[in-house]
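Below, all heavy atoms of this structure are taken into account, side chains as well, without hydrogens, waters or symmetry copies. Convention: sequence-line order gives letters A, B, ...; per-chain numbering from 1.
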There are 2 protein chains.
Amino acid sequence: MQLPSNLLENAVNEFSRLPGIGKKTALRMVLHLLKQEPETVQQFSEAISKMRKEVRFCQRCYNIADTEVCSICANPLRKQDMICVVENIRDVIAIETTQQYSGLYHVLGGVISPLDGVGPDQLTIDPLVQRVQKEQTGEIIFALNPTIQGDTTIYYIQKKLPQHAVKVTTISRGIAFGGELEYADEMTLARSLANRLPVESYVANK
Amino acid sequence: MQLPSNLLENAVNEFSRLPGIGKKTALRMVLHLLKQEPETVQQFSEAISKMRKEVRFCQRCYNIADTEVCSICANPLRKQDMICVVENIRDVIAIETTQQYSGLYHVLGGVISPLDGVGPDQLTIDPLVQRVQKEQTGEIIFALNPTIQGDTTIYYIQKKLPQHAVKVTTISRGIAFGGELEYADEMTLARSLANRLPVESYVANK
């Protein structure tokens with residue numbers, strides 16, 4: 001693609017580094033910005049640079065925060081003795097969007113995956129173990145993706161947790177709501193048979 | 001979607017104003033930027049704001065330029081008496097990418113479309129007419145989209161052009177290369193029959 005301006009080309013190159021954006025889409029975005037008022041574009045540019053410079057990670061749960069402690073940890077209405085362990089910030093957002101969980105979080109920053117060079121030391125596992133001891137946590141809920149790596153991580157953390165009365169659970173795996181048995185993979189179907197629920201509890205949750 | 005940080009939310013909102021970007025894609029982009037080095041993000045942000053502030057429009061052809069006159073107009077190897085009239089900058093880029101055209105351009109900034117509130121005064125038609133007189137242009141090639149609005153614009157401009165020996169042509173319309181007759185719409189097929197080419201010229205261009 002031959003661009004008539006170096007300034008334009010720079011901007012297109014920068015946009016095309018974003019995930020899922022090719023040169024043509026990048027050009028479309030840049031030409032869109034070119035049509036906007038200079039103040040609008042300035043605002044766009046500043047929002048990005050400010051976000052990168054000023055966003056911090058919560059010192060307690062490693063979630064994204066504007067201050068030292070994130071808004072979830074700072075909320076006294078949240079159950080302080082329940083921690084939901086997730087892989088990344090996207091998962092926190094997904095669970096928060098359900099509006100069904102009222103405890104705290106702990107963001108691991110990934111899962112143990114030797115093939116990708118991710119060991120326990122790269123994750124926030126030690127801070128989690130210390131936190132559980134310090135905060136006298138009553139329940140830990142693992143909400144990790146149902147992969148070998150996710151299961152390995154759960155197993156590893158569970159072994160490291162203090163042997164006091166902390167309850168460790170994981171979100172249930174099974175056929176997705178609205179899904180069809182016919183199209184479910186064997187692993188999921190087999191697991192959801194093995195982890196079958198009493199009908200009373202299932203009906204009560206509806 | 002509940003976001004844990006206002007800074008993050010601002011950035012996501014700004015991204016989701018871009019064409020074709022929803023909230024989820026915007027969040028993916030913002031989290032990607034959050035993982036990059038602060039300098040990389042600063043560079044991204046500056047490229048955009050600089051582009052909007054400093055990009056100019058060529059005083060001769062209204063193409064995008066870094067200087068007063070764009071690189072195409074400033075190139076002495078370009079045929080100075082041939083103007084290709086296009087709707088927007090994207091069309092200039094598309095034609096330049098073919099590397100088959102060696103004349104100059106004129107960017108109209110749109111086509112006449114009363115329904116969208118675009119009249120001849122919003123476009124660079126008057127500068128084009130003056131330019132043709134001043135530069136003693138030999139040929140004008142219209143490369144507008146084959147729509148009613150495009151055709152109206154061609155007709156309007158042609159009437160305004162000085163009645164001297166300027167040759168006015170339009171890019172040919174017809175079945176796209178590699179396209180199939182069976183799937184072509186009636187208008188295209190009818191037009192390409194009406195504007196049939198002598199086989200010699202077709203073979204010569206191959």
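Neither the backbone nor the side chain of B:Val12 has a heavy atom closer than 4.5 Å to any heavy atom of chain A. Looking at A:Leu34, the atoms closer than 4.5 Å to chain B (heavy atoms on both sides) sit in the backbone and in the side chain alike. Residue contact with chain A, scored on non-hydrogen atoms closer than 4.5 Å, is absent for B:Ile72.
A heavy-atom distance below 4.5 Å is not found between the side chains of A:Ile48 and B:Val30. Counting heavy atoms from C-beta outward, B:Leu3 and A:Ile64 have side chains that stay 4.5 Å or more apart.
Applying the ring pair (Phe, Tyr, Trp, His ring centres under 6.0 Å) test to residues at least two apart or on different chains, none of the pairs has a partner in residues 72-96 of chain A. Pairs engaging residues 37-56 of chain A under the ring pair (Phe, Tyr, Trp, His ring centres under 6.0 Å) rule: A:Phe44-B:Phe15 [sequence neighbours left out]. Contacts classified as ring pair (Phe, Tyr, Trp, His ring centres under 6.0 Å) and involving residues 127-148 of chain A (residues at least two apart or in different chains) are not found.
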Between chain A and chain B, identify every pair of one donor and one acceptor N or O atom lying under 3.5 Å apart.
residue	atom	partner	partner atom	Å
A:Ser5	OG	B:Asp66	OD1	2.7
A:Asn6	N	B:Asp66	OD2	2.8
A:Glu14	OE2	B:Gln43	NE2	3.1
A:Leu34	O	B:Arg52	NE	3.4
A:Gln36	O	B:Arg52	NE	2.8
A:Gln36	O	B:Arg52	NH2	2.9
A:Gln43	NE2	B:Glu14	OE2	3.1
A:Ser45	O	B:Ser45	OG	3.0
A:Ser45	OG	B:Ser45	O	3.0
A:Ser45	OG	B:Ser45	OG	3.0
A:Arg52	NE	B:Leu34	O	3.4
A:Arg52	NE	B:Gln36	O	2.8
A:Arg52	NH2	B:Gln36	O	2.9
A:Asp66	OD1	B:Ser5	OG	2.6
A:Asp66	OD2	B:Asn6	N	2.8

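Between chain A and the residues B:Cys70, B:Ala65, B:Gly20, B:Pro19, the most heavy-atom pairs under 4.5 angstrom are made by B:Pro19. Contacts with chain A were tallied for B:Pro38, B:Ala47, B:Cys58; B:Pro38 has the most, counting heavy-atom pairs under 4.5 Å.
Between the CG atom of B:Leu31 and the CD1 atom of A:Ile89 there is a distance of 6.0 Å, given to the nearest 0.5 Å. Annotation: the span from B:Leu18 atom CG to A:Met29 atom CE amounts to 5.0 Å, rounded to 0.5 Å.
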